[in-house]
Number of protein chains: 2
Amino acid sequence: MSQTVVRALDILRFISTSPRSLTEVAAHLDVHKSTALRLLQTLSLQGFARQLSNGAYVTGFGIIALGQLAIDQIDARTIAHPHVQRLSEESGHTVHLAQLTGDEVVYVDKVDGATMMMGSRIGLRAETHSASVAKVVLAFADEAVREKAITAATFQRYSSTTIVTAEALRQELSQVRSRGWAEDNGEKEDYINCVALPIYDARGKVSMGVSLTALKVVAPLEVLRARIPEFRLSALTISREFGWRGDEYGKH
Amino acid sequence: MSQTVVRALDILRFISTSPRSLTEVAAHLDVHKSTALRLLQTLSLQGFARQLSNGAYVTGFGIIALGQLAIDQIDARTIAHPHVQRLSEESGHTVHLAQLTGDEVVYVDKVDGATMMMGSRIGLRAETHSASVAKVVLAFADEAVREKAITAATFQRYSSTTIVTAEALRQELSQVRSRGWAEDNGEKEDYINCVALPIYDARGKVSMGVSLTALKVVAPLEVLRARIPEFRLSALTISREFGWRGDEYGKH
DNA sequence: CGAATAAATTGCAACATATGCAATATAGTT
DNA sequence: AACTATATTGCATATGTTGCAATTTATTCG
């Protein structure tokens, strides 16, 4: 583990949250200002950081370019994107595609609905105990993977409906397996709800999920539930493109 | 300048082009495999790289997340985006916004037109000697900045119309200043053309440009030129939002 | 399926680099 | 102009990175 590299990457994360002065960066890393300065100089020369006219450091365009290339490289996204796009157009809602990576579920695609732009971000992890795409992927994942994710969950309460214990999450995931889809009833933001379906691959495994998200005032949970039959057709089509050959979607 | 950090960032750029094995990364960096492995392990643990099931390394989701945050942080983009979006919708063409950073011009926003998706990427630099947004920004930039950019240009020939000498570029930029807009007549890709206008800021300076891009078969240069009067209104509006108070757009 | 080959990984001592200190330069405030 | 705060640089040295050798794992071949 390279301490110097960890520090440099930590700087990148720190300056991505808001413009930061040299003094702030040194304090954040708990190193001497000359050390922080040399790391920032290296990052800047390489295009990964840049200085505003007031001296503050922000993320450089080199990161943006790499991020864009990385998004293009996500295989799952290439295959599923036309479906995600169409689902959003047809439903008018925001559609997310997320993928299991290690023991967390990460957003890999997203098309915003007509009425709103959401705070979720490609590249960020979906909350294990609230996000419906995380629930649906973990519900159908290997038990070892599921338990590891549950153990790592923070169970931070965001609203009155947030799941805040491991046992409650296990029960919820059991329900997801029974009915074949996951829900988020305002558990992260109390004015947003969504439903998610699993995507099966060639081996019949689930490592991806797709969700429909909407403001409650625009489409309450019942409205999203009513869309599940047609949503399931899309999820089936996506699954088939990933090589799934099962007979009964959502039931095995 | 931190050699270790430079190596790590070089790895990030290398693996962003296609999935790479440990052996390839070590050869690329010209270091021992154990050195490359430790750097890759550090990047992976920090979420900046990840390993595919076959052992190859690709860009991690941490980079994607940072790239998305960085895009959100670009002030120019926040202000100009509604206009860029509207311009693309109204014209049906791809619209780019680019900004001078140091001595190069970088794409900071882009909305694809109805007919096609383009290869240009937010975060990447616009070609100094061919891209119309680069020409328009440099034409109206300080002479010192312009000369530095011209000196650094590669003048690589991409098509029969590419500008390949510094003197020819200076003449081109002089013409841009005279008529008030820049053009790319298939100079990068011979089937694409575009026109670009400067954006003035509160001090009457130009550090941003906006362009309309189209396939020649869809909209030849004459068609794009014909759009300049209305395009100029948009560029004026954007300039005013950046605080410009001049009387005669494009003429001072 | 075992042998051979190639790639990946790890422990550890050497040494090259990253580090903090002190001095200096620059910017901002009173 | 004086004072304070922030940023920057040269340099000696402490320490973290490095490559080597050994080991483990994966792949290929007969």
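Any value given below was found using the heavy atoms of this structure, including those in side chains, with hydrogens, waters and symmetry copies removed.
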Can you tell me the distance, in whole Å, between the [atom1] atom of [X] and the [atom2] atom of [N]?
X       : N      : atom1 : atom2 : answer
B:Asn54 : C:dA7  : CG    : C1'   : 13 Å
B:Asp30 : D:dT17 : CG    : C1'   : 16 Å
B:Leu39 : C:dA8  : CG    : C1'   : 15 Å
A:Arg20 : D:dT6  : CZ    : C1'   : 17 Å

Applying side chain to side chain donor-acceptor pair (under 3.5 Å), name anything that partners [X], two or more places apart in sequence or on another chain.
X       : value
A:Gln99 : none
A:Ser34 : A:His32
A:Gln46 : B:Arg13

In chain order, what residues pass the salt bridge (charged side-chain N to carboxylate O under 4.0 Å, His left out) check against [X], with sequence neighbours excluded?
X        : result
B:Glu147 : B:Arg170
B:Asp109 : B:Arg77
A:Arg38  : none
B:Asp72  : A:Arg121

Once you measure the plane-to-plane angle for B:Phe14 and B:His28, does it fall in the parallel (<30°), tilted (30-60°) or perpendicular (>60°) bin?
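Ring orientation, 0 to 90° scale: parallel.
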Provide a list of protein-nucleic acid N or O atom pairs under 3.5 angstrom, restricted to nucleotides 8-14 of chain D.
unit_1, atom_1, unit_2, atom_2, d
D:dT9, OP2, A:Gln41, NE2, 3.2
D:dG10, O6, A:Arg38, NH2, 3.1
D:dC11, N4, A:Arg38, NH2, 3.4

Between the protein and nucleotides 25-30 of chain C, list every N/O to N/O distance that falls short of 3.5 Å.
none

For C:dA7, does OP1 or OP2 lie under 4.0 Å from any side-chain N or O of B:Thr23?
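No, B:Thr23 has no side-chain N/O under 4.0 Å of OP1/OP2 on C:dA7.
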Sequence neighbours excluded, every pair satisfying side chain to side chain donor-acceptor pair (under 3.5 Å) that has a member inside residues 136-146 of chain B
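Listed once each, the pairs are B:Asp142-B:Lys205.
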Roughly how far, to the nearest 0.5 Å, is CG of A:Leu236 from CG of A:Leu197?
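Rounded to the nearest 0.5 Å, the CG-CG separation comes to 10.5 Å.
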Test of understanding: with side chain to side chain contact (heavy atoms under 4.5 Å, CB included), list the residues that count as partners of B:Gln171, not counting sequence neighbours.
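Side chain to side chain contact (heavy atoms under 4.5 Å, CB included) check on B:Gln171 returns B:Glu167.
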Can you list, in residue-number order, the parts of residues 3-18 of chain A that come under 4.0 Å of DNA chain C, counting heavy atoms only?
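By residue number: A:Thr4, A:Arg7.
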